[in-house]
Each structure stands twice: as C-alpha cells, then as structure tokens.
2 protein chains.
Amino acid sequence: MTKILILGGGGMIGQKLARRIVDHDIFPAADVTLFDRAFPPAGVPAKTVVGDISDPATARMLAAERPDVVFHLAAVVSGQAETEFELGWNVNMMAIWHLLSALRSEHLASGSSYRPRLVFTSSIAVFGGPYPDKIGDDFLSAPQTSYGAQKAACEMMVGDFSRKGFIDGLSLRLPTICVRPGKANAAASSFFSGIIREPLNGVEAVLPVADTVRNVHASPRAAARFLTHAAKLDTDLLEGRRALNLPGFSCTVAEQIEALRRVAGQDVVDLVKHVPDPAIMAIVNTWPQDFAPDRALSLGFEAESSFDEIIRVYIEDDLTG
Amino acid sequence: MTKILILGGGGMIGQKLARRIVDHDIFPAADVTLFDRAFPPAGVPAKTVVGDISDPATARMLAAERPDVVFHLAAVVSGQAETEFELGWNVNMMAIWHLLSALRSEHLASGSSYRPRLVFTSSIAVFGGPYPDKIGDDFLSAPQTSYGAQKAACEMMVGDFSRKGFIDGLSLRLPTICVRPGKANAAASSFFSGIIREPLNGVEAVLPVADTVRNVHASPRAAARFLTHAAKLDTDLLEGRRALNLPGFSCTVAEQIEALRRVAGQDVVDLVKHVPDPAIMAIVNTWPQDFAPDRALSLGFEAESSFDEIIRVYIEDDLTG
C-alpha cells in the first residue's frame, strides 16, 4: 500500500491529481487522503479531511499517519497573499514549516526509517525582472510578490530538510496552468484561460492585454503528470538542487488565439473582445515569458508542445455538452 | 538623534561596527544600543541589552524603541546550525520573522511614518555548486548548509517586508571576513585567518588544505564599512533586488602566504605548517571561489584590493604588542 496525502486536494489541480492517481496504476495500492478547507460537491472519490493547514496541530495530525507521499498544493493565491499579508505568510510559509517539522518528528521517532517523499508546488512567481530572453536553471529568485517570496522561502526549507535526510522532497515551479476549467477567478492571469474557455462554451471573453503578451503554459493534465512524475523521481539525480523550473509552451496571446481558430474556427474566436485593462497589463508585464528548463526536461518532465494541444486537452478533459 | 540597534552587537563584527559608529560621524547624534547574549569585558562603550533574540517578546521589546537603523548580525554560526538543526532554524530564521513582524506592527501603529532601515547580514553560504568561474549577480541561491538555507529564506522576508514598505531593508552577502582577531574557532574557515594571525603573533599555525584553495576575503574593517554604507544607501537604486553580493579580494592560500612574506618576512611564514585535514578540505571545496559583484561595486561598496592590504588592516587595527 502507498499512503498518499494531497494537501489542497479540494482545489482544481488537487482534484486532477487525485483523479490521475485513482484512475491509473501509478502507485501500487494507492490509499489516497485529500486535505483541504472544503471540497467540491462531486469530487474524486477518496478519503477527505477538512481543516486549517496553518494550524500546527493539523500538521502533526497529518504527519502522524506517516504518508509515503505528500503533495503540497495548499496555498493562499497570489492576489490574496498580496492584500492579506499576514494570512499569506502564515498559510504559504509557516504552514510548510509546521508540516516539515511534524514530518521530521515522525522521521526521528521512526529511528530514521520513515522518510516521506514531499512534492511541493512552487511557482515561477519566485522570479522577478529584469529577465534574460529565456530563464535558465541557474537564474536567481528575486520575487516581486509576497506569494513568490513565500514560495521561495519554502523551497529553502524543503531543500534543507531533504539534504538532512528528514524527508525526500523537491519543489516544482509550475508555469501558468491553462486552460483552467470552471469559472474565471480574480487572478490577473485568469484571462489566459478565459479567452479559450469562454468562447469554447459559447460565451464572450475579455482580453485585457495586448496580444503581443507572451507567457508559458501547461495544461492541468500536464500539471498532474508533473506531480506524479516528481513523486517517483530518483532524487539523487537532482544533485542537491531540489527546486526545478518546469517546462511549458511559450507563446503570445496572438498565438493562443490563432490556435483557437485552428481548433474551433473563426466563429469561436469572434467571441474574444479586446478591452484593455492597464492594471492587469502592468502586473502581467512583470512576469517571466520564457524558460530554458534543461534540468526538468532531462529528468523527464513533459509539457505540451503546442497551444493547439493545450486546447485539445481542455476539450477532452473538461468541456461538457 | 539617530537611534541605532545592533543585534549581535557583542560579536566581533558587531563590536567593529559599533566602534566605527561611535568613533566616526557617520550618523548624526548616534544613539547606539547593542543587543546580544553576552558582551566582551572591555567592549565598545554603548548601551547594552542582554537577551535571547529568538524570543518573540524580545523582538517586540526591541522594536518598541523604534530604532531608525537596525543592523542584524545575530546568528548561530554555520557549524552549529548544521549540528543543532532546530536551534539553527529558530535563531537564524524564526528570530528574523519575529523581528520583522514586530517592526511591521510599529510601522502600522505609527500610521506608516515609522519605516526603519534594516541591514541584514546574509552570507555567500546562500550559494552552492556547481559554480561558474565568477559568480554573477543573477546566480541562483542553492545552499548546501542549513545556515545558507536560513539566510536565503530570511533574504526573502527582508525583501518582501521592504517591498511592502513596512521596513526599508537590504541583505548583504558577506565574503569570508579575514583576518579575524582573537582566538581560532571551530569554523572550517578559521584557518584563513589563523595562518596570518598566529604567525604575526609568533605562534605556529596549521594549514589544513592545499595552498591552491581559493577564497574571497574582506577585512573586519571593510565589513563594518559595508554595513554603514548599506545603512545610508539610497535603496531605490536596488530596483527591488534587495540582496547584494559584496566585493572581496579573491586569492589562493599560496597568494595569502606570499602576501604574509612580503608584509612580515620569511621567519613569520615559517610558522605556517601544512597538516592536511581531509574533512576540512571536503567542506572548503564546496565554497564559492570568486565573484563578479557588479551591482555592489556600482553602489559604492568597497573591499581591499590586495591581500597585503588585508594583512596591514589587521596589524593596524588588532595586532597588539
């Protein structure tokens, strides 16, 4: 039996990951527990635990079950971490500290035999400009948001607890996940999904930035695959650098829209309306545009190789009716 | 009046910094308070407070005085942070969190008028190999010690609290400080000072590594100057990247010894005995050897430009009798 704990298991990626683990034979006799503040009504069938990840007692309770693999996806999103400073640091950093400390206690109590795999979802928000044309694997973390600073601080903890042998962890810096199913949210990045998802559902979508804006994308399916790949990776291959820039497909908004035209036709594309929003433009302009994620590629992490493919994944996995 | 608080004010660099501030007219009407666990018997004349920096109540008490400038030099040294894991994270990371939180509370209570300058001493221990020949200003932090991971995590906090305007902080990644006065300590780097200091005092010194080992050095005098320079720097010039690689003089141990010969003669050099220590060699081989600290140089940070000069600084400032 492989005991698997997914923190943030009620969220979009947590559910995609749980579905992938339940439906595929990735982990032998997978025993999956999902932890979150709340769960969607018709979620993936698995044990669920509702609680507050920032409570040290919660971390101890979860660690006491000695999961073999912990996926940590629980986070206050970037916009909220920016407006609610203390909440952001408490949930996005202190909660990881409590979790790592609790896992270390179990490791010590086990006579060092218990050493869980921890897959921590970091973000390309650890980066801040100015950028090179392609961000290489040895580019500095100079975050320009609280969310990015919190993720970068956690990477340091995950790395050090792993180096000391208390856990066997790694941090995955996810690109923009697109096309997100469901409703638009308040994130500045929401439109990258919205301009594809809304038209495919017959609804108008607003494009708030110029179509020359470039970003790096991977599908929710690719994100779930990144996570399970990381859970089974030989971490000796990381040679002590346990944070990875993951691959994605870099393209401009114009190229996204061209792909939508190829996949779904001009009528669908006509539902995208350009309504410039200087506030969103200002935020998006600070984001990385392209990477050269050589390490992750050599370690077998795979994303889509065209935006057409990213749209088709959405149609196959999430478009209903 | 400029209220100045030096955390770790009882240590070697804290004392050098306090002496520099007391003796020179760097801050108008400087009112200096030194905080540490203990103080040397004939230390720099200034107010002293004895306490435990990792106690949140201590942080609140110190912040309540609303110092204009806070120098944070208090730390568990690298060897101890490696063997006493919890102590290291508590003192080297959590204490900074408590201090920053307490300073933020004062900022908020003041109606945002209180925004202290914080100069945090980080370290080149934030880096881990493999290295380029010269480490540039945009090279990643991939620490291979708990001490380095703790310092890197703190840099993220100092950066984010500053970006949000609660404090006005920066982190200085100090090179090896050499020649340290006083007795040898248990640090693996201790010999870099020992092979100069002991012979100049007529005592034999052990060189535990090959003389081809290269390292980056700056004097204690330069360290104190870095700190006061940082305290007065226009932080707008940092453009949001608030951690700086500082300059130093890069040379091999053989070049250190040649400089000692030029400054003090062959009889003094004859007191250096080569007794290889594979354990120390293994640690030292993981350290960075050279930097291209373009940003710090352009911001006016200055180190010595020869090892002869570093030796002369020791003779002038610390050699007695």
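In the text below, chain A, chain B and the rest are named by the order of the sequence lines, each starting its count at 1.
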What part of [X] is in contact with chain B, defined as an atom under 4.5 angstrom from a non-hydrogen atom: side chain, backbone, both or neither?
X        : result
A/Met93  : side chain
A/Pro130 : both
A/Glu155 : neither
A/Arg104 : side chain

How long is the straight-line distance from CD of A/Glu82 back to CG of B/Asp160, given to the nearest 0.5 Å? 6.5 Å
Rounded distance [0.5 Å steps], CG in B/Asp138 versus CZ in A/Phe127: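 Separation between the atoms: 11.0 Å.
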Side-chain (A/Arg241) to main-chain (B/Gly129) donor-acceptor, under 3.5 angstrom: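 Judged by distance alone, yes, a pair lies under 3.5 Å.
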Would you say CG of A/Asp133 has more than 12 non-hydrogen atoms from neighbouring residues, nucleotides or ligands within 6.0 angstrom? no
Parallel, tilted or perpendicular: ring planes of B/Phe85 versus A/Phe161, cut at 30 and 60 degrees: perpendicular
Within the 3.5 Å criterion, strictly below it, is a donor on A/Ser146 or B/Arg163 matched to an acceptor on the partner's side chain? yes
Could you report the tightest heavy-atom contact between B/Ala152 and A/Met156, atom names first, then the distance? CB-SD, 3.5 Å
Taking all non-hydrogen atoms of both residues into account, name the closest pair between B/Asp137 and A/Leu140 and its distance.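 Closest heavy-atom pair between B/Asp137 and A/Leu140: O-CD1, 3.8 Å.
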Options A/Gln150, A/Met157, A/Glu239, ranked by heavy-atom pairs under 4.5 Å with chain B, top entry: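 Of the options given, most contacts go to A/Met157.
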With a 4.5 Å cut-off on heavy-atom pairs, point out which of B/Ala153, B/Gly128, B/Gly136 contacts chain A the most.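 Winner by heavy-atom pair count: B/Ala153.
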Option that, when pairs with chain A are counted at under 4.5 Å, heavy atom only, ranks first among B/Gln144, B/Glu86, B/Arg242: B/Gln144
